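Have a look at the structure below before the remarks.
In this chain, numbering begins with 1 at the start of the sequence shown. Both counts, for ligands and for their atoms, begin at 1 and track the order of listing. Everything quoted here is computed from the prediction, not taken from an experiment.
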Amino acid sequence: MILLDGKYTASQIRAELKAKVDAFLAAGHRAPCLGIVIVGHNPASETYVANKMKACAEVGIVARKIALEDTVDEAELLSCVTQLNSDASIDGFIVQLPLPPHISEQRILSAIDYRKDVDGLTAENIGRTVQGLPSIVSATPRGISELLCRYHIPTEGKHVVVIGRSNIVGKPMAILLMQRPYLLLPKMSAAAVGNATVTICHSKTQHLKDICLTADIIIVAAGSPGLLKADMVPEGATVIDVGITRVDDPASPKGYRLAGDVDFENVAPKCAYITPVPGGVGPMTIVSLLSNTLQAYEIHR
Ligand code: NAD
């Protein structure tokens with residue numbers, strides 16, 4: 001069994017991104033800039049934003065945080081998005097989710113110019129991905145694609161079972177896998193997965209175990225700790241665990257630990273490759289936001 005080390009792979013990609021940014025600076029160009037809009041004081045969101053800003057700093061991307069109180073109304077937030085769309089000094093931006101309940105996430109996301117949508121969540125970007133056109137793909141599917149490519153795990157002709165159908169992970173992941181491989185954006189060093197036979201499973205799927213037992217690769221993004229058990233995994237499969245759930249753990253100093261969707265201890269011995277949680281998909285997701293920002297920069301520059 002080989003552990004797919006997302007932490008190490010992400011550090012390699014960060015080094016590559018930093019070298020690219022340094023080369024742009026040396027050639028007299030300005031640094032790439034990522035806008036991060038955060039509304040309110042959700043502690044988890046504040047932690048995610050702090051981590052993203054730290055990751056940007058490591059590779060030389062300027063992160064500009066726009067912090068708004070949760071009293072902001074939808075019209076004000078929309079006007080902030082419009083300003084960012086037209087601000088030539090910002091290459092891409094994200095609106096940290098979730099938003100307060102009085103604001104429609106859909107309306108806010110729809111207002112983002114897809115060329116600056118480095119979270120890859122606009123209908124335009126998702127639609128372009130479906131059509132095989134250059135697009136910005138959301139960070140987690142992109143990170144998983146990079147991980148598979150860098151470990152030389154082929155997807156062509158393989159049966160990939162994706163558990164979870166969210167717009168942010170399951171759906172775009174399935175689309176990338178079933179496509180003819182293509183460059184996500186013209187100037188990127190592509191993480192080209194594709195040509196797989198894909199089955200998408202979700203909470204209403206029947207016979208999940210039987211389906212999983214026919215898989216070469218299982219990607220599980222359900223948010224249900226320990227969902228994928230050893231008797232669901234064929235010998236020699238590749239298992240990618242996207243799930244991150246906080247579960248109480250009095251033995252941990254924080255009082256909780258992060259649990260994946262895979263019963264790792266029992267599943268790992270059956271696998272050819274498997275991601276750990278933490279240290280697998282999580283770091284690949286963060287670095288992919290940086291890769292997306294650099295791509296947006298390269299397109300605008
Ligand atoms: P979500 O929470 O929006 O949806 C979960 C999906 O899983 C749904 O489509 C649902 O139908 C399916 N599902 C739930 N229980 C199931 C079951 N028992 N059997 C089959 N399908 C089931 O999904 P999300 O936003 O994609 O997040 C999924 C998990 O991945 C969460 O734990 C989230 O925290 C984590 N996540 C991790 C990263 C990362 O970087 N590692 C990034 C995004 C999400």
Any side-chain donor near an acceptor of the partner, His41 and Glu46, under 3.5 Å: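 Per modelled atom types, His41 and Glu46 side chains form a pair under 3.5 Å.
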Salt bridge flag under 4.0 Å for residues Arg142 and Glu146: yes
Salt bridge (charged side-chain N to carboxylate O under 4.0 Å, His left out) evaluation trace for Asp87 with Arg64: CA-CA 12 Å; Asp87 184 339; Arg64 202 183 299 166; 3.2 Å; yes
With the criterion set at N/O pairs under 3.5 Å, what does the list of contacts between the protein and ligand 1 look like, atom names and distances included?
| from | atom 1 | to | atom 2 | distance (Å) |
| --- | --- | --- | --- | --- |
| ligand 1 | 9 (O) | Arg165 | N | 2.9 |
| ligand 1 | 11 (O) | Ser203 | N | 2.9 |
| ligand 1 | 11 (O) | Ser203 | OG | 3.2 |
| ligand 1 | 21 (N) | His202 | O | 3.3 |
| ligand 1 | 21 (N) | Ser203 | N | 3.2 |
| ligand 1 | 26 (O) | Ser166 | OG | 2.6 |
| ligand 1 | 32 (O) | Ile244 | N | 3.0 |
| ligand 1 | 32 (O) | Ile244 | O | 3.2 |
| ligand 1 | 34 (O) | Ile244 | O | 3.1 |
| ligand 1 | 40 (O) | Thr285 | OG1 | 2.8 |
| ligand 1 | 41 (N) | Val242 | O | 3.3 |

Contact list for residues 234-246, test side chain to side chain donor-acceptor pair (under 3.5 Å), sequence neighbours left out: Arg246-Tyr256
Stepwise side-chain contact (heavy atoms from CB on, under 4.5 Å) test for Leu294 and Asn292: CA-CA 5 Å; Leu294 203 61; Asn292 280 348; over 6 Å; no
Derivation and outcome, side-chain contact (heavy atoms from CB on, under 4.5 Å), residues Phe93 and Asn85: CA-CA 9 Å; Phe93 64 98; Asn85 281 342; 3.3 Å; yes
